[in-house]
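Here is the naming used below: chain letters follow the sequence lines, and residue numbers restart at 1 for every chain. Side chains included, hydrogens not; waters and symmetry mates left out as well; all remaining heavy atoms used.
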Amino acid sequence: MNDTPDAPPDITLKAINWNFYYGSNHALHDITMDIPRRQVTAFIGPSGCGKSTFLRCINRMNDLIDGVRAEGSLLLEDQELNSNDVDVIALRRRVGMVFQKSNPFPKSIYENVIYGLRIAGVNNKSVLDDTVERCLRKAALWDEVKDRLNHSALQLSGGQMQRLCIARCIAVNPDVILMDEPCSALDPLATSRVEDLIAELKQDFTIIIVTHNMQQAGRVSDLTAFFYMGKLIEMDKTQKLFTNPGKKQTEDYITGRFG
Amino acid sequence: MVHHTINGKAKPIGEKWVWVTSMGLAVGLLMVITLLGLIVRNGLAVFWPKPVSRIELTEDSRFAMRGTNVLGGMIAGSRTKIVQSAEGGDREWHLMVGNKDVYGATFRYIDHAAAKNISFPPRAIMVERMEYGFAIGLPAAIHMADGTVIAANDSTFDRDLKALINEATTRRKEIHRIERKDIGVINHELQQLRIKERRLSSMPDGETDAARAAIGARRAELQKQYETLVTRAAAMRAEQNAHRLELELFTGESRQLPIGAMVHAHYPNAMGFGDKLAHFGRGLWAFVSQEPREANMEGGIFPAIFGTFVMTLLMSIAVTPFGVLAAIYLREYATQGLFVRMVRISVNNLAGVPSIVFGVFGLGFFVYFVGGSIDNLFFSETLPTPTFGTGGILWASLTLALMTVPVVIVATEESLAAVPRGVREGSLALGASKWQTIARCVLPASAPGILTGLVLAMARGAGEVAPLMLVGVVKLAPSLPIDHIYPFIHLDQKFMHLGFHIFDLGFQSPDSDAAQPMVFATTLFLILLVVLLNLGAIIVRERLRRKYATGAF
């Protein structure tokens, strides 16, 4: 799976000494990492280690919580995200997100996919129709729903809903897709479909995925970062991290001795 | 000590509470069913024909009237005597003797023991009239205008009587149309001319001569039209008195009644079940579709149904956006803290303020302050006659909207809070602004809950009486709030309301015996109207719920 050439990697996202606080709770300590373009980076670690928090820093979803504070630098294509000047709405169009629990809107399948376009003011019917078909095909959902695009999205199965959320996310054509444990509520069959989809999507998008499932990290990711107690312990090519980890803590976690 | 087993030999501790909870439900249901049963039974019994009896009293009975010991009427009921009397026995009839123009009172109580002989003459007739209620007796003959007499035992008598009454009804409708509609339009235009003229009077004479002349000409023309219509109506009125029905009362008098004043006639003692059913249906329809007569004790309740309906609709239109916007701000935008909590508690407590207080507020604020200001600004020509500065359907609706707004706010807040966080986050993560998220995702998902609040508000608003008495409800409204005269919807109009109608019939009417059945029937229709309005909202809610299939509410 890991067949990237050893050329200097093209960096999309860069974190430098990133610290994050929930009130007085210091959640992330001095995170420094580079996330390469059009590859899948997995964040692993025990619950509460800060991997989801870091993910939510990237599209500033933590802004919704009162009393949060960040220090350090987070650069998306060399643009600083830790600044009050950042247009959060524009940022979120560039950084899509797929959540742990699928969250389709109480609308039709069609309207779900084009939601991002509608709120951006796109109303051209042919553009919308094309987007729906393209994104649903890309999300491997088109054949299952093409005859009932006007039905409520809430009637889909769990796996279909999650793929719809992915289709909805890629409809706005983001640079980066964040996935917060996208398969944790799905059965093995639906999980494997989503994993196949991730492998497809990395042709076009930079993907960051948080997962509790080590096998999943091994299957889908090119790079893996191990978080523990709010610190980035180790980050390396997935194959190397899983077969020959550099740190004792990583090895203990991977082999199941704690966490 | 009870040992618990899973194979059902011993029941777990606490199961006996099932009985207590179910008893709570049973008592509640019993009360509701009893009340509804009472209203439905008494409300519908009004329209079911009852037999007319001819009662021969014992000699020198104190119940004798008009110097004879025979009387008759419709037996409205039989009850245990309240005061014991010399006759003995413990039951008495509630007898509708009718013929109020002769007897003075419509109802009498007669002891069972005072009756020597009771019979049900098959030819006994009950004639519903525009005035003085029912005429009850035995038909003798019809005296036509040309002097012909059709005797009661003539084979064509029943058919002729029916045809004449139908003819009279048609003519009465025509008179009504002329007087209300045609003359109403002319009066309206005359009023407009008067206002225009008054406006002109503030300008110098020279410039307005032409306009004045035009007004004068138009007025003369309208006056001529008016005269024509009045003459026509008068002629038709005279015609109404041409044919007469001779009726022999049970007490012996012979009366000649103008057929033009009759609404309907039937022979209750000769009716089969089918006839009774048809009579029942006709009575029900007349009650729903006609205007009230005789201090609301006769006729129908159509204006009250219509007024209640329009008022509730206007109230819903006013309360929904108001309450929903307030709830959105409280739940979505306001920083949750002590202040917001206090506001929320105050809103909830507002629901406990006695409704009459809202009525007083509505009178002071809406009617006198807002209405008075509107009159000064836009209707100063008609002052001192107020247009909006007096009670009206708009002010009544707004007062009720104010009263029910806490219900809508609370329900909306609950349903907003029930929208899953994931939906909001999903929307925000796609680059939606907060308002876009609320308008496109949160509100549609919470619409069923908002409609639940509206259902509760409508039920509370439609059944309210006390505040309405201060802000625009009247005993008898001359016209409907929506009619044929431009601008068709008259928000300043006073209106009738079923709740007030019940109060008026039950406590303000001159003849409580005659009014009592109307109270039940009106109550029945108020409940039906509320059920109907709620059903409408519930159907919309189910549609939405199926559309979004959230099932969270």
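- Annotation: A/Glu80, atom CD; neighbour count of heavy atoms from other residues, nucleotides and ligands within 6.0 Å is above 12.
- With hydrogens and angles left out, the side-chain atoms of A/Gln160 and A/Ser157 include a donor and acceptor closer than 3.5 Å.
- Taking 4.5 Å as the heavy-atom cut-off, the residues of residues 162-171 of chain A that approach chain B are A/Arg168, A/Cys169, ordered by number.
- Contact annotation for A/Pro104: only backbone heavy atoms (N, CA, C, O) come within less than 4.5 Å of a heavy atom of chain B.
- Both the backbone and the side chain of B/Arg440 come within less than 4.5 Å of a heavy atom of chain A.
- Summarising the local packing, CZ of B/Phe309 is surrounded by 12 or fewer heavy atoms from other residues, nucleotides or ligands at distances under 6.0 Å.
- A salt bridge links A/Arg118 with A/Glu111: at least one charged nitrogen is closer than 4.0 Å to a carboxylate oxygen.
- Comparing B/Ala432, B/Gly431, B/Ser433 by how many heavy-atom pairs each has under 4.5 Å with chain A, the most go to B/Gly431.
- Every side-chain hydrogen bond (donor to acceptor under 3.5 Å, both in side chains) that A/Ser126 has, sequence neighbours left out, goes to A/Asn124.
- Other residues, nucleotides and ligands contribute only 12 or fewer heavy atoms inside 6.0 Å of the CZ atom of B/Phe322.
- In this structure, no portion of A/Val88 lies under 4.5 Å from any heavy atom of chain B.
- Of the listed residues (A/Arg93, A/Arg60, A/Lys101), the greatest number of heavy-atom pairs within a distance under 4.5 Å of chain B belongs to A/Arg93.
- Enclosure of atom CG in B/Leu325 by more than 12 non-hydrogen atoms of other residues, nucleotides or ligands within 6.0 angstrom is indicated.
- Exactly one residue among A/Arg37, A/Arg38, A/Arg94 makes a side chain to side chain donor-acceptor pair (under 3.5 Å) with A/Asp175. That residue is A/Arg94.
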